Structures are given as C-alpha cells and as structure tokens.
Undergrad: 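Starting off with a structure, shown below.
Because the structure is predicted, anything quoted here is derived from the model rather than measured.
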Amino acid sequence: MKRVMLTVAYDGTAYSGYQVQENAPTIEGELNRCLGNLLKEDIRVIGGSRTDAGVHALCNVAVFDTQARMPGEKMSYALNQRLPEDIRIREAKEVAEDFHPRHCASRKTYEYKIVNSAFPIPTKRLYSHFTYVPLDAGRMQEAASYLEGEHDFKSFCSAGSQAESTVRRIYDLNVIREGEEITIRVTGNGFLYNMVRIIAGTLMETGRGVWEPEYMTEILQKKNRQAAGPTAPACGLCLVGYEFV
C-alpha cells in the first residue's frame with residue numbers, strides 16, 4: 001500500500017463544492033470516480049481544503065491510498081486523460097503513509113477578485129465579483145491591516161462550522177487595485193467556513209464607506225457573525241497557494 005498526493009486545479013463553476021455530496025457533482029466525486037476507473041480500486045481521496053460551490057483552485061491537495069503498481073508521479077498523466085476538462089492534476093507524487101494534509105501545518109493563499117466598473121466584463125463573470133459601486137482600495141487596505149496576526153475570527157465564520165477553535169493567524173492581507181480590477185490576497189495558517197468570503201464582503205463594505213477601517217477591531221472583539229459584512233459571492237474566490245511548513 002502506498003499514499004499518493006495530488007495537486008489539483010479546477011474551475012469550480014459547475015460543481016457543488018469540493019466535498020462529495022449525494023446527487024450533486026463535486027471535485028472529490030470526480031477524483032474518486034476517475035481514480036477508481038484508472039486503478040480498479042474503491043478510492044476515497046482526502047482533501048486539503050474543502051472549497052465551496054463555485055470556488056476555484058490552482059493548487060488544492062488530495063491524498064489517497066492504493067495498491068497499484070503504477071508510480072505515483074505517472075498518475076497525473078493517466079488521470080488527466082479521464083477527468084473533465086475543468087479539473088486537472090498538476091502534480092502527483094508518493095508521500096509518507098501517515099501524511100494527512102489537514103493534520104499538517106500549512107500556509108494557504110486565497111485571492112478574491114472584484115471587477116469595479118460601470119458595467120460587468122463578460123469574460124470575467126465566472127471568476128470575479130462585479131460591483132458598480134465605487135470602492136476605495138486604500139480604505140480597504142487600511143481595514144485589512146487590522147486583521148493581520150493571530151485573532152479569534154468567530155465574527156468571520158458562517159454558521160455550521162465544525163471547527164474546534166476559531167483562532168487563526170493571517171500572515172498577509174493585501175488589497176491591490178489594477179485599473180478596474182481589485183484583488184484581495186490573503187495568506188494564513190488556515191481558514192474557517194466562508195472566512196475569506198466574509199473578509200472580502202466586510203472589506204467591500206469599508207471600501208464603500210459604510211464603516212471606518214478601524215471598525216475591524218470591534219468586529220473581532222464582538223465574536224458575532226452579525227457584526228461583520230456579507231458573505232461575498234463564491235465566483236470571485238480562488239485558492240492560489242498551498243505550502244506545507
């Protein structure tokens with residue numbers, strides 16, 4: 001028996017999230033199906049980040065156990081011939097038998113894309129959130145600075161989370177404007193259920209002038225989901241970095 005790790009990229013538009021669900025297409029479901037067809041075994045992958053419906057990824061991680069003789073590094077080529085075009089394996093390699101992506105210290109980086117213009121851009125509609133309301137990226141960056149470091153992010157966690165602790169560390173949180181596109185880029189040691197999308201929604205409220213940037217401190221202190229802004233739509237979110245430390 002050996003354990004293989006896959007680095008998986010996908011366009012999440014057509015899927016009901018990463019995790020397997022009954023009667024709904026998911027990334028994990030497609031990986032299990034195609035691995036089963038390839039290796040003639042009942043495969044159940046373990047995912048590193050359980051992204052929501054409509055969220056994209058360049059480098060999510062999945063591991064699985066197999067008795068197949070095929071070298072781990074060769075599986076990416078065989079899998080990519082079987083997977084739908086909106087899912088691709090970027091790397092496959094053998095890892096230690098006890099390696100578990102959710103039990104290892106890691107740094108994950110997400111980007112949230114916003115198109116801020118008078119009218120939507122059709123070619124970006126599946127990969128960014130559109131708003132015509134002017135956003136002040138400077139105010140958003142100032143607000144973002146209050147969220148860096150280790151905090152209790154309970155206010156930035158949707159109901160239904162099964163996390164034992166809501167304390168997380170954000171290493172970097174930057175707001176970059178390039179013309180009509182704003183990118184919120186955040187790196188942390190882990191993220192709660194909908195945390196990045198709630199951060200994005202909250203920063204957008206600040207960018208609209210609803211709150212002053214320093215109100216982020218009060219949101220953290222309240223530890224109440226109702227204190228933060230709305231959950232931004234899923235389409236703008238993409239997992240762009242995943243590093244084990």
Undergrad: Could you go through the side-chain hydrogen bond (donor to acceptor under 3.5 Å, both in side chains) check for Tyr10 and Thr51 one step at a time?
TA: CA-CA 11 Å; Tyr10 49 85; Thr51 53; 2.7 Å; yes
Undergrad: Using the rule that Ile, Leu, Val, Met, Phe, Trp and Tyr join whenever any side-chain heavy atoms are under 4.5 Å apart, tell me whether Ile46 and Phe64 fall into a single cluster.
TA: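 They do not share one cluster, since no chain of ILVMFWY contacts under 4.5 Å joins Ile46 to Phe64.
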Undergrad: Between Glu28 and Val20 (side chain of the first, backbone of the second, donor and acceptor by atom type, cut-off under 3.5 Å), is there such a pair?
TA: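 Yes: the side chain of Glu28 pairs with the backbone of Val20.
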Undergrad: Under a single-linkage definition using a 4.5 Å side-chain heavy-atom cutoff for Ile, Leu, Val, Met, Phe, Trp and Tyr, are Met216 and Val175 assigned to the same hydrophobic cluster?
TA: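 Yes, Met216 connects to Val175 through the hydrophobic network.
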Undergrad: Just by distance, do the side chain of Glu150 and the backbone of Ile170 share a donor-acceptor pair under 3.5 Å?
TA: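 Checking the backbone N and O of Ile170 against the side chain of Glu150, no donor-acceptor pair under 3.5 Å is found.
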Undergrad: Quick check: closest heavy atoms across Pro84 and Arg88, and the distance to 0.1 Å?
TA: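 That would be O-NH1, 2.9 Å.
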Undergrad: Can you measure from CZ (Arg185) to SG (Cys238) and round to the nearest 0.5 angstrom?
TA: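 Going from the CZ atom of Arg185 to the SG atom of Cys238 covers 10.0 Å.
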Undergrad: Rounded at 0.5 Å granularity, tell me how far NZ in Lys2 sits from CD in Glu97.
TA: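 Going from NZ on Lys2 over to CD on Glu97, the span is 11.0 Å.
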Undergrad: Would you say Lys223 has more than 12 foreign heavy atoms packed within less than 6.0 Å of its NZ?
TA: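 For Lys223, atom NZ is not crowded (no more than 12 foreign heavy atoms under 6.0 Å).
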Undergrad: Can you establish whether the number of heavy atoms outside Lys154 located under 6.0 Å from its atom NZ is more than 12?
TA: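 No, the 6.0 Å shell around NZ holds no more than 12 heavy atoms from other groups.
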Undergrad: Is any side-chain heavy atom of Val45 less than 4.5 Å from a side-chain heavy atom of Asn32?
TA: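 Sidechains of Asn32 and Val45: in contact.
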Undergrad: Please name the pair of heavy atoms, one in Ala143 and one in Leu203, separated by the smallest distance, quoted to 0.1 Å.
TA: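 In this case the closest contact between Ala143 and Leu203 is CB-CD2, 3.7 Å.
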Undergrad: Kindly indicate whether the side chain of Leu39, heavy atoms from C-beta on, has any atom under 4.5 Å from the side chain of Gln67.
TA: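 No. Closest side-chain heavy atoms not under 4.5 Å.
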Undergrad: Going from CD1 on Ile89 to CG on Leu83, what distance comes out if it is rounded to the nearest 0.5 angstrom?
TA: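 The CG atom of Leu83 is 5.5 Å from CD1 of Ile89, to the nearest 0.5 Å.
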Undergrad: What do you reckon, are the aromatic ring centroids of Tyr110 and Phe191 less than 6.0 Å apart?
TA: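 Yes; Phe191 has its ring centre under 6.0 Å from that of Tyr110.
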Undergrad: Measure the shortest side-chain to side-chain distance between Thr231 and Ser158 over non-hydrogen atoms and say whether it is less than 4.5 angstrom.
TA: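 A side-chain contact under 4.5 Å exists here.
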Undergrad: How far does OH of Tyr193 sit from CD1 of Ile198, to the nearest 0.5 angstrom?
TA: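 The distance works out to 9.5 Å.
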Undergrad: Does a side-chain heavy-atom distance below 4.5 Å link Glu178 with Thr183?
TA: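 Contact flag for Glu178/Thr183 side chains = no.
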Undergrad: Are Val95 and Leu35 connected into the same hydrophobic cluster when the rule is that any two of I, L, V, M, F, W, Y join if their side-chain heavy atoms are below 4.5 Å apart?
TA: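 No; tracing contacts between hydrophobic side chains, which count when under 4.5 Å, never links both residues.
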Undergrad: For a quick check under 3.5 Å, do Ser155 and Lys222 share a side-chain donor-acceptor pair by atom type?
TA: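 Short answer, no.
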Undergrad: Provide the closest heavy-atom pair for Ala232 versus Tyr112 in the form atom of the first, atom of the second, distance.
TA: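 For Ala232 versus Tyr112, the nearest heavy atoms are CB-OH, 3.2 Å.
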Undergrad: Glu30 side chain to Ile87 main-chain N or O, any donor-acceptor pair under 3.5 Å?
TA: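 Judged by distance alone, no pair lies under 3.5 Å.
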Undergrad: The test is side-chain contact (heavy atoms from CB on, under 4.5 Å); show your working for Leu126 and Cys235 and say whether it passes.
TA: CA-CA 6 Å; Leu126 300 179; Cys235 59; 5.8 Å; no
Undergrad: Roughly how far apart are Met5 CE and Arg3 CZ, rounded to 0.5 Å?
TA: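 That separation rounds to 12.0 Å.
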Undergrad: For this output row, return yes or no: ring centroids of Tyr127 and His56 closer than 6.0 angstrom.
TA: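 Yes, close enough.
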Undergrad: Please answer whether the main-chain N or O of Gly47 pairs with a side-chain N or O of Arg102 as donor and acceptor at a distance below 3.5 Å.
TA: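 A pair under 3.5 Å: yes.
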Undergrad: For Ile114 and Met204, what are the C-alpha separation, side-chain angles and deciding distance, and is it a side-chain contact (heavy atoms from CB on, under 4.5 Å)?
TA: CA-CA 9 Å; Ile114 305 162; Met204 281 190 278; 3.7 Å; yes
Undergrad: Take Asp52 and Arg197, measure what side-chain contact (heavy atoms from CB on, under 4.5 Å) needs, and give me the verdict at the end.
TA: CA-CA 10 Å; Asp52 297 333; Arg197 290 167 60 191; 3.2 Å; yes
Undergrad: Less than 4.5 Å apart, side chain to side chain, heavy atoms only: is that true for Ser16 and Gln21?
TA: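 Answer yes - side chains close enough.
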Undergrad: Taking atom types as modelled, find out whether Tyr15 and Asp86 have a side-chain donor-acceptor pair closer than 3.5 angstrom.
TA: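 The answer is yes; a qualifying pair exists.
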Undergrad: How long is the straight-line distance from OH of Tyr18 back to CG of Leu31, given to the nearest 0.5 Å?
TA: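 Leu31 CG to Tyr18 OH: 5.5 Å, rounded to 0.5 Å.
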Undergrad: Test side-chain hydrogen bond (donor to acceptor under 3.5 Å, both in side chains) on Thr66 and Glu41 and set out the steps.
TA: CA-CA 8 Å; Thr66 178; Glu41 299 177 58; 2.5 Å; yes
Undergrad: Between Thr202 and Gly229, what is the shortest heavy-atom contact and its length?
TA: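 Scanning both residues completely, I find the closest heavy atoms to be OG1-N, 2.9 Å.
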Undergrad: Does Tyr171 share a hydrophobic cluster with Leu220, counting links as ILVMFWY side-chain heavy atoms below 4.5 Å and allowing steps through other members?
TA: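 No, Tyr171 does not connect to Leu220 through the hydrophobic network.
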Undergrad: Decide side-chain contact (heavy atoms from CB on, under 4.5 Å) for Val186 and Leu147; before the verdict, give the C-alpha distance in whole Å, the side-chain angles of both, and the deciding distance to 0.1 Å.
TA: CA-CA 10 Å; Val186 56; Leu147 301 180; over 6 Å; no
Undergrad: If we ignore angles and hydrogens, is there a donor and acceptor under 3.5 Å between the side chains of Asp152 and Thr166?
TA: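 Yes, side-chain donor-acceptor contact under 3.5 Å.
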Undergrad: Give a yes or no on whether the backbone of Gly72 and the side-chain of Glu94 come within a donor-acceptor separation of less than 3.5 Å.
TA: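 Judged by distance alone, yes, a pair lies under 3.5 Å.
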Undergrad: Answer with yes or no after comparing the ring centroid distance for Phe244 and Phe99 against a 6.0 Å cut-off, counting only values under it.
TA: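 Between Phe99 and Phe244, which both carry aromatic rings, the centre distance is below 6.0 Å.
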Undergrad: Please determine whether residues Val8 and Val240 belong to a single hydrophobic cluster, defined as Ile, Leu, Val, Met, Phe, Trp and Tyr linked transitively by side-chain heavy-atom distances below 4.5 Å.
TA: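 Shared cluster, no.
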Undergrad: What heavy-atom pair brings Arg225 and Pro230 nearest, and what distance separates the two atoms?
TA: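 Distance-wise, the nearest heavy atoms are NH2-C, 3.7 Å.
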Undergrad: Main chain of Arg169, side chain of Asn189: is a donor-acceptor contact present, judged purely on distance under 3.5 Å?
TA: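 It does hold such a pair.
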Undergrad: Side-chain contact test, heavy atoms from C-beta onward, threshold under 4.5 Å: evaluate it for His129 versus Val115 and give yes or no.
TA: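 No - every pair of side-chain heavy atoms lies 4.5 Å or more apart.
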Undergrad: Report yes if the side chains of Arg125 and Ile121 come closer than 4.5 Å at any heavy-atom pair, otherwise no.
TA: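 No, side chains not in contact.
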Undergrad: Counting only N and O atoms by type, is there a donor-acceptor contact under 3.5 Å from the side chain of Glu148 to the main-chain atoms of Asn174?
TA: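 Such a contact is absent between Glu148 side chain and Asn174 backbone.
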Undergrad: So Leu239 and Lys108, do their side chains get closer than 4.5 Å, heavy atoms only?
TA: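 The answer is yes; the side chains approach within 4.5 Å.
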Undergrad: Which residue is it: Glu180, Arg177, Glu181? I am looking for the one with a side chain to side chain donor-acceptor pair (under 3.5 Å) to Asn116.
TA: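 Output: one option passes, namely Arg177.
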Undergrad: Measure the acute angle between the ring planes of His151 and Phe153, then classify it against the limits of 30° and 60° as parallel, tilted or perpendicular.
TA: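 Ring orientation of His151 relative to Phe153: perpendicular.
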Undergrad: Between the main-chain N or O of Thr206 and the side-chain N or O of Arg139, is there a donor-acceptor pair closer than 3.5 Å?
TA: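 Judged by distance alone, yes, a pair lies under 3.5 Å.
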Undergrad: Can you see which heavy atom on Gly190 is nearest to which on Arg168, and at what distance?
TA: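 So the two residues come closest at O-CD, 3.4 Å.
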